[in-house]
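Heads up: the structure comes next, in C-alpha cells.
When a residue number appears, it is its place in the shown sequence, counting from 1.
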Amino acid sequence: MAQLLSSPCPSVISLSSSSKNSVKPFGLNQTFFNRPQVLSTSSLKGILFQEKKPTRGRRSCVFRAAISQQSPYSETSTNDSSSSKPKRVMVIGGDGYCGWATALHLSKKNYEVAIVDNLVRRLFDHQLGLESLTPIASIHDRISRWKALTGKTIELYVGDICDFEFLAESFKSFQPDSVVHFGEQRSAPYSMIDRSRAVFTQHNNVIGTLNVLFAIKEFGEECHLVKLGTMGEYGTPNIDIEEGYITITHNGRTDTLPYPKQASSFYHLSKVHDSHNIAFTCKAWGIRATDLNQGVVYGVKTDETEMHEELRNRLDYDAVFGTALNRFCVQAAVGHPLTVYGKGGQTRGYLDIRDTVQCVELAIANPAKAGEFRVFNQFTEQFSVNELASLVTKAGLKLGLDVTKMTVPNPRVEAEEHYYNAKHTKLMELGLEPHYLSESLLDSLLNFAVQFKDRVDTKQIMPSVSWKKIGVKTKSMGA
C-alpha cells in the first residue's frame, strides 16, 4: 500500500506506450503485488510526503482499477422509468467513513457511481496502530458484495489525486456529471502529530483539490463540484455564523463578503485554502461548486451499509480519528470514563451520517449555476461536549452500563466556553429531512458499540497529540 502514493512502477504492472495515457479497467481478482507489502513505522516520513524530483528514464505511477463494464455482471442502468441518461457521480475518497456511505446511497438512488481512492486511510491505521471498531472488508470485496446484492456496478479507480495524470485519465474515462470530493486527510489531531503529518495534510488536501479544479476545467466544464468542507473553518466567533457569506457595513459602505475564517489546526487551515481556491476558480473559470461545511458526524449505520456485513462502515473511536459522540459511546460500552476535554463547553454542529448522504444527494440534485460558489452549513443540531456526555451517560444507564466521565487536560488550543450560533437553513430549504439525536438512536449506537467492544484497544482512547508540543521529529504513534 505504500506504493499507492508514489513509487517506481513495479514489474507486475506493464505500461506500454499505447496504454500510458489511458485508465484501463480490470477485474476485481487481479493482484497488485507479487508478494505482500510490509510497512514499518520507521518509514512513515518517506511514505507520507515525498517532494518528487524528476528521475531521467523513470516515471512515477499509481495503481488504477475499475470494475469492468464488460464483466459478466454488467447490466443496463435502471436510473428511473424515463429515458434520460443516468447522472454520473465520481466520489473521491469513496472508501472512507463518509465517502463509502455516500457512494452506496447514490448508487441505490440510481446514479452511476465511480469511487476514486488511494486507500491511504487504511494505511494510516497500520502506521498508527489503530483499528476501526467495526471490521471492514476490502474495497474490492465491498464493491463485489454491493454488485451481488443489488446488481448495481460501482466503478473503482485506485490512485492518488495529487498525481494529475492519474486524475485526468480517471476523469476522461468516467466523464462525471458531478464530483463529490471527500478525498482529504480529515483529522485535525493527525495534522498536529508532527511536521511530516502537517506537511502531508496540507499538500494532500490543497494540491489534491487544486488538481480536481483543473480536471473539471479541462475535461468537464459542466461538471458540478460538491466539496466536503468543515464548520471548523469558521472557528468560534462571538457573533452568529452565516452560511458562507456575511453582509458588512463599514464606514458607511456595505458589501457581502466571505465569512471570516478562524481555523484551529493545520487540517482546518488546509480546508480554508481549499475554499479560497474553489471560490477563485468559480469566478475565473466559471466552475460550479457547492461547499458543504459539515459539522461533526456521528453514527455508523445507513440503510445501505446494513444490507450485509461486508458493506459495514468503519467507526473510529481513537483520539486521532474518532469523533466526539462515537468516542463517548465506545468509551461507555467498555467502561472507560468519558473523556471531556477541558471545561467541556466546546459547542459544535452535529449530524447523523444518514443526513450526510442525504445532504450530498440534495446538493447534486440541485446543482450550483456556472460560476457560482455556494456554501451550505451541513449540520442539524448543536451540542456542547458536556451536553453529549450527559446524553450518553443517561442512555448508558438505561442499558445497565456504569457510565462516568473524567476531565482531561485539553490537548487542543481552543475556547472551552464560548458563544456559538450557526445558521443552517439552506439544506433544509432543499428538502433535508434530518435524523435528530434521539434516545432510540443513542441506544442503537451504544448497543452497536457493545456488540464490538472486544475489538476496542483502550490504549487508543486517551489523547496523545498536543497542539502545543508538535515537533519536527516524526512521531511514532504505535501501541
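For Phe200 and Phe124, the ring centers sit closer than 6.0 Å to each other.
Between Tyr190 and Phe321, the ring-plane angle classifies as tilted under the 30° and 60° cut-offs. Between Phe174 and Tyr157, the two ring planes are perpendicular [angle over 60°; tilted spans 30° to 60°]. The aromatic rings of Tyr420 and His418 lie perpendicular to each other, with more than 60° between the two planes, well past the 30° mark.
For the pair Arg314 and Tyr97, the NZ or CZ position fails the cation-pi test of under 6.0 Å to the six-membered ring centre and within 45 degrees of the ring normal. Geometric assessment of Arg312 against the ring of Phe452 yields a negative cation-pi assignment under the 6.0 Å and 45° thresholds.
Trp100 places no side-chain N or O within donor-acceptor distance of the main-chain N or O of Ile139, the cut-off being under 3.5 Å. For Ser170 (side chain) and Phe166 (main-chain N/O), a donor-acceptor pair under 3.5 Å exists by modelled atom type. A side-chain donor-acceptor contact under 3.5 Å links Arg455 to the backbone of Ser132. Side chain of Trp467 to main chain of Glu414: no donor-acceptor pair is present (N/O by atom type, distance under 3.5 Å, no hydrogens or angles). Between the side chain of Asp117 and the main chain of Leu119, a donor-acceptor pair closer than 3.5 Å is present. With Glu361 contributing its side chain and His105 its backbone, the two residues share no donor-acceptor pair below 3.5 Å. A side-chain donor-acceptor contact under 3.5 Å links Lys271 to the backbone of Leu228. Distance alone, capped at 3.5 Å, places no donor-acceptor pair between the Ser107 side chain and the Ala103 backbone. A donor-acceptor pair under 3.5 Å links the side-chain atoms of Asn377 to the main chain of Glu242, judged by distance alone. In this structure, Gln346 contributes its side chain and Tyr341 its backbone to a donor-acceptor pair below 3.5 Å.
Between Glu304 and Lys108 there is a salt bridge, since at least one side-chain N of the basic residue sits less than 4.0 Å from a carboxylate O of the acidic one. Taking 4.0 Å as the cut-off between side-chain N and carboxylate O, Arg121 and Asp125 count as a salt-bridged pair. Remark: Lys423 does not engage Glu243 in a salt bridge, criterion side-chain N to carboxylate O under 4.0 Å.
Phe328 has its side chain within reach of Thr339: a pair of non-hydrogen atoms, C-beta onward, lies under 4.5 Å apart. Taking 4.5 Å as the limit, every side-chain heavy atom of Thr281 sits out of range of all side-chain heavy atoms of Lys217. Residues Thr380 and Leu432 form a side-chain contact, since some pair of their non-hydrogen atoms from C-beta on lies under 4.5 Å apart. Residues Val375 and Tyr259 are not in side-chain contact: their nearest non-hydrogen atoms beyond the backbone lie 4.5 Å or more apart. The closest side-chain heavy-atom distance from Ile239 to Ile246 is below 4.5 Å. Counting heavy atoms from C-beta on, the side chains of Arg142 and Asn313 come closer than 4.5 Å.
Side-chain contact of Gln185 with Thr201: a donor-acceptor pair under 3.5 Å is present, judged by distance alone. Between the side chains of Ser384 and Asn386, no donor-acceptor pair of N or O atoms lies under 3.5 Å. Side-chain atoms of His273 and Ser270 include no donor-acceptor pair closer than 3.5 Å.
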